[in-house]
Amino acid sequence: MDLSISSRSLSPSPPPFPFNSNRMILSPAFQKFSFDFRNFQIKPLVSRQNQPIRVHASNQTVNSDGFVLEDVPHLTNFLPDLPSYPNPLQKSQAYAIVKQTFVTPEDAVAQKIVVQRDSPKGEHFRRAGPREKVYFKSDEVRACVVTCGGLCPGINTVIREIVCGLNNMYGVDDILGIEGGYRGFYSKNTLTLTPKFVNDIHKRGGTILRSSRGGHDTNKIVDNIQDRGINQVYIIGGDGTQKGAALIYKEVERRGLQVAVAGIPKTIDNDIAVIDKSFGFDTAVEEAQRAINAAHVEVESVENGVGIVKLMGRYSGFIAMYATLASRDVDCCLIPESPFYLEGRGGLFEFIEKRLKENGHMVIVVAEGAGQEYVAQGMPTVDEKDASGNRLLHDIGLWLTQKIKDHFTKVHKMMINMKYIDPTYMIRAIPSNASDNIYCTLLAHSAVHGAMAGYTGFTVGPVNSRHAYIPIARVTEAQNTVRLTDRMWARLLASTNQPSFLNCSEVLQETVDCETIEGINSKKISSI
Ligand SMILES: Nc1ncnc2c1ncn2[C@@H]1O[C@H](COP(=O)(O)OP(=O)(O)O)[C@@H](O)[C@H]1O
Ligand SMILES: O=P(O)(O)OC[C@H]1O[C@](O)(COP(=O)(O)O)[C@@H](O)[C@@H]1O
Ligand SMILES: [Mg+2]
């Protein structure tokens, strides 16, 4: 058994989560066990029928009718004598009128919201929000904020609201900005962040702290945290960043430091698991409309106009899917999750020909990660990666443009008026819209409340519209991708009337009626 488990079970004070049941299910490392508060023991998990609960390897499913808490670590797990203090919000004029200022320890957010009468209660996360007790004195807090990975609309809003939230709600005024991502901890000077300094930054795209890929050196980072006397670390970044945050938390725990590590998930791709959606995503979908509109205007003004708009989405096509659904001007949407093909029955060329005959123009939206294997064909096999180890993508937009032009010139002796628009960085660089701004505020405030309350090694985010503290491993163990068997993709296919490009063997077996799909789409995946 992992050492951290035994140290936790031997700890003189139980983790501060007195659920009514006296029993909580520990997670993620020890999900096959539960913590018995009355007897202070770790016990094997059993169902109501006293059968051991089967825990799937993915930590996702527990086969019981029981309540499961996917708990996040707390500083008292490894610093049991840490004193607590009344939350200063108790004296806040603004919060005094709130009916329930503090989130009670019993409050949890259900991961599964659609249930049947006999469904097990299933997995839950701690509800985010202010706690009655805090584990930091305001004037002893030295917080820092760092931003890592690619840009995304709203990063500056999150920075602003961490700074203003810490200051307004908790009276914290010692906040440092780490410049240039993880490597900035050990290679750059810090910025002093005050409410005045960050006052207007939400109106700007990008990150005032700058960002970077690569450079995650856990020991150097934690040495620096220790040297600078930092005791709250707010880390804004995507899946890679959150993996790095988990390593920092582990090292902090190993060294026994009173340092809360809070992750705020960021990615324009919306590929972070568990949470409803990532900030900046709505802004991106909205901004993508401008590019799609431009493509549509261009191609409907010429003969045989074909517009191609490339949108971001390395492994998941959420931006492309939602932008297509929102626009109604898109004839075909191509995403990484759905393989497509060009030639033959049911292929893209046949569909383009049909649409050009019907309407004289068409618009294709393609996610940057779509069809990468096709573009790679015929290219020297160099697996190029960025500094964080993410695979560098080929330009699917340019490739598609060329393939379509060539095909229609050679086979149909027809000139295509091709307009290729790549607005990817223009979309990513804008400030967040109003609803993302509010979302960013809630994320930042949740992170601040969690850190002040002594939680650590957690990520914040909405689960079924309620903000929760989620163990970092839960958001990094899998990527959120478009499920071709969900109704949303079907809505898209129905709205564009594009080919589904599927055949039975490619369809996820568990939910799809293969015969139906084969009937609709009986064609052979031909080579490109
Ligand atoms: N598995 C990992 N362990 C530790 N750090 C990581 C890991 N993956 C990425 N990182 C670090 O996280 C930062 C951002 O990662 P990256 O993949 O570029 O962006 P994102 O966090 O948006 O996915 C980089 O500094 C990178 O070194
Ligand atoms: O060119 P860059 O800046 O490395 O980033 C490009 C990639 O960043 C993304 O926006 C995602 O970034 P993150 O993984 O950092 O969230 C992808 O959509 C895109 O492929
Ligand atoms: Mg990433």
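Keep in mind that this is a model prediction, so the values were computed, not measured. Counting starts at 1 for both ligands and their atoms, following the listed order. Positions are given from 1, in the same order as the sequence printed here.
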- Task: Could you check Thr157 against Asn437 for side chain to side chain donor-acceptor pair (under 3.5 Å), going step by step and ending with a plain yes or no?
- Result: CA-CA 6 Å; Thr157 313; Asn437 266 338; 2.7 Å; yes

- Decide yes or no on side chain to side chain donor-acceptor pair (under 3.5 Å) for Gln258 and Asn231, but give the supporting numbers first. CA-CA 6 Å; Gln258 191 199 342; Asn231 50 20; 5.8 Å; no

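Arg142 and Asp174 are joined by a salt bridge, as a carboxylate oxygen and a charged side-chain nitrogen come within less than 4.0 angstrom of each other. The pair Glu70-Arg474 counts as a salt bridge, with a side-chain nitrogen and a carboxylate oxygen less than 4.0 angstrom apart.
Side-chain atoms of Asp422 come within 3.5 Å of backbone atoms of Thr424 as a donor-acceptor pair (strictly under, hydrogens ignored). In this structure, the side chain of Tyr186 engages the main chain of Gly215 through a donor-acceptor pair within 3.5 Å.
The 12-atom threshold is exceeded at CZ of Phe136, counting heavy atoms of other residues, nucleotides or ligands nearer than 6.0 Å. For Phe197, the CZ atom sits in a loose shell: 12 or fewer heavy atoms of surrounding residues, nucleotides or ligands are nearer than 6.0 Å.
Using a 4.0 Å heavy-atom criterion, the residues that approach ligand 2 are Gly149, Gly150, Arg213, Lys266, Thr267, Ile268, Asp269, Met312, Gly313, Arg314, Glu368, Tyr425, Arg428.
If you number the atoms of ligand 1 from 1 as listed, the ones under 4.0 Å from a heavy atom of Gly244 come out as 4 (C), 5 (N). For ligand 1, the atoms lying closer than 4.0 Å to a non-hydrogen atom of Gly149 are 14 (C), 18 (O), 19 (O), 22 (O). Atoms of ligand 1 lying under 4.0 Å from any heavy atom of Gly238, numbered from 1 in the order shown and given with element: 20 (P), 21 (O), 22 (O), 23 (O).
Ring geometry for His216 versus Tyr182: interplanar angle over 60°, hence perpendicular rather than tilted (30 to 60°).
Atom-to-atom distance recorded for Lys403:NZ and His407:NE2 is 11.5 Å, nearest 0.5 angstrom.
The salt bridge (charged side-chain N to carboxylate O under 4.0 Å, His left out) analysis of residues 258-268, with sequence neighbours excluded, yields no pairs.
Scanning all protein heavy atoms for the shortest distance to atom 23 (O) of ligand 1 gives Asp239 OD1, 2.6 Å. For atom 26 (C) of ligand 1, the nearest non-hydrogen atom of the protein is Ser388 OG, 3.4 Å. Ranking the protein heavy atoms by distance from atom 1 (N) of ligand 1 puts Lys243 CD, 3.5 Å first. For atom 22 (O) of ligand 1, the closest non-hydrogen atom of the protein is Lys266 NZ, 2.9 Å.
Residue nearest to atom 14 (C) of ligand 1, selected from Thr241, Ile235, Asn390: Thr241 (by heavy-atom distance). Considering each of Cys148, Gly215, Gly214, the one bringing a non-hydrogen atom nearest atom 25 (O) of ligand 1 is Gly214. Here the shortest heavy-atom distance to atom 12 (O) of ligand 1, taken over Gly263, Gly180, Gly240, belongs to Gly240.
Here the shortest heavy-atom pairing between Pro423 and Ile421 reads CD-O, 3.4 Å. Closest approach of Met312 to Ile268, counting heavy atoms only: SD-CG2, 4.0 Å.
The only member of Arg204, Arg290, Glu287 that meets side chain to side chain contact (heavy atoms under 4.5 Å, CB included) when paired with Ile430 is Glu287.
Not a single N or O atom of Asp386, backbone or side chain, sits closer than 3.5 Å to an N or O atom of ligand 1.
A donor-acceptor pair shorter than 3.5 Å can be found between the side chains of Asp395 and Tyr420.
When heavy-atom distances to ligand 1 are checked against a 4.0 Å cut-off, Thr218 has no atom that comes that close, whether in backbone or side chain. Residue-level proximity to ligand 1 for Leu247 is carried by the side chain, the only part with a heavy atom below 4.0 angstrom.
Looking at residues two or more places apart in sequence or on another chain, you find a ring-ring contact (aromatic ring centres under 6.0 Å, His included) between Tyr170 and His449.
The number of protein N/O/S atoms found under 2.8 Å from the Mg ion (ligand 3) is 1.
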